[in-house]
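Just so it is clear, the values below take in all heavy atoms, side chains as well, and ignore hydrogens, waters and symmetry mates. Throughout, protein chains are lettered first and strands after them, A, B, ... in sequence-line order, and every chain is numbered starting at 1.
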Number of protein chains: 2
Amino acid sequence: MLVWEREEPPSRPVPAPLSRERILGAAIGLADVDGLEAVSLRKVAAVLGVGPMRLYGYIATKEELLDLMVDAVHAEIRPVGDGWREALHSLAETTRQAAHRHEWFADLIGGRPRLGPHALARGEAVLAAMGDIDLDIVVPAVDAVDAYVIGAVRREITEWRAERATGMDKRQWQATFGPYLERVFATGRFPALESVVRDGPHPDPDETFRTGLDFILDGIEARISN
Amino acid sequence: MLVWEREEPPSRPVPAPLSRERILGAAIGLADVDGLEAVSLRKVAAVLGVGPMRLYGYIATKEELLDLMVDAVHAEIRPVGDGWREALHSLAETTRQAAHRHEWFADLIGGRPRLGPHALARGEAVLAAMGDIDLDIVVPAVDAVDAYVIGAVRREITEWRAERATGMDKRQWQATFGPYLERVFATGRFPALESVVRDGPHPDPDETFRTGLDFILDGIEARISN
DNA sequence: GCTTGCATCGATACGGCGTATTTGCCTGAT
DNA sequence: ATCAGGCAAATACGCCGTATCGATGCAAGC
């Protein structure tokens, strides 16, 4: 009768081997759920069921992990459609959507120089979608749209967090900040601001984003067909 | 003969009393010199020659200190000149200059919801300088310029830091990243990127910033005089 | 088959952080 | 003289990124 020489532990099956990808996935999962400040090497390691020091076999530093996270989001950003205007428009919109899926992206975007493979692939796709317009226009145009999207997304998510922090919806928010603004306006030092808050437009975030983007695209179009 | 009843300690004269302003000044000084990550409550307190806990008599939390820092920079940002276009242009330029004076501002801008008195005053000055254009245009226009400036400044300072981190000047930087880019391009997966890097324009930061800003201002102008 | 070297992984350790809590002192009132 | 209260300082706690060390298990040599 044969004896089995290597018994497989039945209760805990072989854990998937650690890898850069698994670490990255755990970090993104933590950030999606609990925000960027919940991403610590200790917590990431805990999610993966290993000690914190194990991670250093796959990443050199926490900064590198954050770079990987940013690059991973770039994989979700691609221009679609025909023509330069549609390309830039969809570039902006898909970036914004990616930031909505990963709020922490707004904290990191524009603040990290590293060009990972997905960021490069995004850049390549954007340039390819711009057609054969003069590079002297394409480069500044893409840069301008990128800059706008970075700022717009940052502001939007920051504001959304602030609203969420006080009460849930916009009604709650107005009830909270209303008195503060009333007191500020009562000083009479901000008449123009006061009139804007009272009588100005209060567009929703989608419209605000699109309007600003259209300004840029119109400005670019004027330059292209000068 | 009279005796003096309270002798002044001569070696250590009465230290200036602690205050929100002195704390804020120390924090900004640290950040200007050593970057935002050098701003810790312990170090700020050390600069002021007090224990860390003393600060909590003047600020509630480190976050509040960061809010104060951001608001302080807003005091340096004002539109100048006549007409809406000059107002928005100078708003963008003075913001960029403030970020050059305080690099850490680029790390915080757009990521902090709090409206301090100087931020409100800046907003008031901008609106006042916009003249009597329809609010339905002024509000999106200012928002768009703000968003663009946030992103542009962030990218510019991030890139500048990356260059400074490797070697000092641009020549050094190309020598460092050149081989990496060569290897990436050698894969043939990024032909459009490659042609841009090889044949595309390489404008200086000032020009890049102005070009993107002009796109937006042109787009706004088209909307105003539709 | 036993030992020895090495590589690998876990645990521990260090210095720093934001901040809560405790301790000690100084002042002014009783 | 005693005590109470307030304030500054010191200490402490839990967390962080990461350096270092110790144990463990496996491969190669005798």
Pick out the pairs of N or O atoms, protein on one side and nucleotides 23-26 of chain C on the other, that lie under 3.5 Å.
none

Compare every heavy atom of A:S40 with every heavy atom of A:K62, then report the nearest pair and how far apart it is.
NZ-CA, 4.3 Å
Between B:L88 and B:V142, does a side-chain contact (heavy atoms from CB on, under 4.5 Å) hold up when you go through it step by step?
CA-CA 7 Å; B:L88 289 182; B:V142 174; 4.1 Å; yes
Rounded to whole angstroms, how far apart are CG on B:L65 and P on C:dC17?
14 Å
Check ring pair (Phe, Tyr, Trp, His ring centres under 6.0 Å) between A:H89 and all other residues, then give those that pass, not counting sequence neighbours.
none
Take atom CZ of B:R161 as the centre, draw a 6.0 Å sphere, and report whether it contains more than 12 heavy atoms from other residues, nucleotides or ligands.
yes
Aromatic rings A:F105 and A:H74: how do their planes relate, parallel, tilted or perpendicular, breaks at 30° and 60°?
perpendicular
For a quick check, with a 4.0 angstrom heavy-atom cut-off, what is the B/S/- contact string for nucleotides 4-20 of chain D, read 5' to 3'?
----SSB-B---BBBB-
Could you pull out all residues at least two apart from A:H102 that satisfy ring pair (Phe, Tyr, Trp, His ring centres under 6.0 Å)?
A:W104
Determine all donor-acceptor pairs shorter than 3.5 Å in which one atom belongs to a side chain in residues 43-50 of chain B; sequence neighbours excluded.
none

Can you run down the side chain to side chain donor-acceptor pair (under 3.5 Å) pairs that involve residues 117-130 of chain A, sequence neighbours left out, and say none if there aren't any?
A:D71-A:H118, A:R122-A:D146
